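Below is one structure, written out as structure tokens; comments come after it.
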Amino acid sequence: MRPSWDEYFMEIVAVVARRSTCLRRQIGAVLVKEKRILATGYNGAPSGLPHCVDTGCAREHVPSGERQELCRALHSEQNALVQAARYGTPVLGATLYVTTAPCHVCAKLLVNAGIVRVVYGAAYPDHLAGAVLRDSGVESIRFP
């Protein structure tokens, strides 16, 4: 059966997530506009730096969703936005597909980048993120 557009891009984002070098969660993101992929991202260390799979996790004993500043990695949403910016790809009006709902820091970045819709798979333990998206008018949909 032919997948819907949301199914199609959620399947792609699952493949992107497999590139992640995080020891805790493998998360992928795809920015899409007019049914075209603009940029992709996965969670991992900045370019040229050692990855967590090589150095270990600095947040090993920190609960999920807390003390994100201790992490050496960028989130998948951040990497997708940075890739779009690096190559001059406008994302205003785009949809973000992501395997796990954004944190509040990523939600704020998405709002300011002009993302209008977020489609995510798994929930994330950060209630502020949902409020940021909702209060900004960004449509947020949990994909079955």
Side-chain angles (χ1 to χ4, degrees), residues 1-55 57-59 62 64-144:
M1 175 175 244
R2 189 172 189 205
S4 70
W5 286 109
D6 283 350
E7 290 171 323
Y8 174 72
F9 290 118
M10 288 302 285
E11 287 180 21
I12 291 171
V13 84
V15 173
V16 172
R18 291 178 26 209
R19 290 280 307 155
S20 170
T21 58
C22 178
L23 296 170
R24 297 177 78 166
R25 292 176 188 258
Q26 283 65 54
I27 300 176
V30 175
L31 286 166
V32 174
K33 187 172 182 180
E34 298 174 2
K35 301 176 187 163
R36 301 289 179 255
I37 294 173
L38 304 175
T40 65
Y42 52 86
N43 54 331
S47 296
L49 295 181
H51 292 280
C52 299
V53 294
D54 301 318
T55 64
C57 180
R59 299 183 66 240
V62 178
S64 184
E66 296 180 18
R67 302 292 316 267
Q68 295 171 7
E69 74 278 7
L70 298 177
C71 185
R72 68 184 294 109
L74 288 142
H75 286 189
S76 63
E77 303 93 328
Q78 295 166 351
N79 270 325
L81 289 171
V82 168
Q83 287 303 310
R86 183 175 186 165
Y87 295 105
T89 305
V91 298
L92 183 66
T95 294
L96 174 81
Y97 290 89
V98 63
T99 54
T100 301
C103 71
H104 72 277
V105 173
C106 288
K108 291 185 284 186
L109 291 170
L110 295 169
V111 167
N112 276 4
I115 303 306
V116 297
R117 184 169 178 254
V118 174
V119 180
Y120 66 94
Y124 186 72
D126 185 338
H127 301 293
L128 179 57
V132 167
L133 295 174
R134 183 177 51 256
D135 294 348
S136 300
V138 175
E139 181 182 12
S140 182
I141 299 167
R142 184 164 186 184
F143 188 78

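Note that the coordinates shown come from a computational prediction; the quantities given were computed from them, not determined experimentally.
Minimum heavy-atom separation, Ala129 to Pro102: CB-O, 3.2 Å. For the residue pair Tyr124 and Cys103, the shortest heavy atom distance occurs at CE2-CB, 3.7 Å. Of all the heavy atoms in Glu139 and Ile141, the pair that sits closest is OE2-CD1, 3.2 Å. The shortest non-hydrogen separation linking Leu23 to Cys52 is CD1-O, 3.4 Å. Residue Ser140 comes nearest to Leu133 through the heavy atom pair OG-CD1, 4.1 Å, listed as atom of the first residue, atom of the second, then distance. Nearest heavy-atom pair across Glu7 and Pro3 is OE1-CA, 3.1 Å.
To the nearest 0.5 Å, atom CG of residue Asp126 and atom OG1 of residue Thr100 are 12.5 Å apart. Note that NZ of Lys108 and NE2 of His104 are 4.5 Å apart. Values are rounded to the nearest 0.5 Å. Here the OG1-CG distance, from Thr89 to Leu31, works out to 9.5 Å after rounding to the nearest 0.5 Å. Expressed to the nearest 0.5 Å, how far CD of Gln78 lies from SG of Cys106 amounts to 4.0 Å. Here CD1 of Ile37 is found 4.0 Å from CD1 of Ile12. Values are rounded to the nearest 0.5 Å.
Between Tyr120 and the choices Arg142, Met10, Glu77, the side chain to side chain contact (heavy atoms under 4.5 Å, CB included) rule is met once, by Arg142. Of the listed residues (Trp5, Phe143, Tyr8, Phe9), just one forms a ring pair (Phe, Tyr, Trp, His ring centres under 6.0 Å) with Tyr97, and that residue is Phe9.
Side-chain contact between Arg25 and Ser20 is absent, with no heavy-atom pair separated by less than 4.5 Å. Counting heavy atoms from C-beta outward, Thr21 and Asp54 have side chains that stay 4.5 Å or more apart. Between Leu110 and Leu96, the closest side-chain pair of non-hydrogen atoms falls below 4.5 Å.
Between the side chain of Lys33 and the backbone N or O of Leu92 there is at least one donor-acceptor pair closer than 3.5 Å. Between the side chain of Asn79 and the backbone N or O of Tyr42, at least one donor-acceptor pair lies under 3.5 Å.
In the displayed structure, Arg117 atom CZ is contacted under 6.0 Å by more than 12 heavy atoms of other residues, nucleotides or ligands.
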Check step by step if side chain to side chain contact (heavy atoms under 4.5 Å, CB included) holds for Leu49 and Thr55.
-> CA-CA 10 Å; Leu49 295 181; Thr55 64; over 6 Å; no

Begin with the C-alpha distance, continue with both residues' side-chain angles, and end with the deciding distance and a verdict on side chain to side chain contact (heavy atoms under 4.5 Å, CB included) for Ser76 and Val98.
-> CA-CA 8 Å; Ser76 63; Val98 63; 3.8 Å; yes

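Annotation: side chain to side chain donor-acceptor pair (under 3.5 Å) contacts of Thr95 (sequence neighbours excluded): none.
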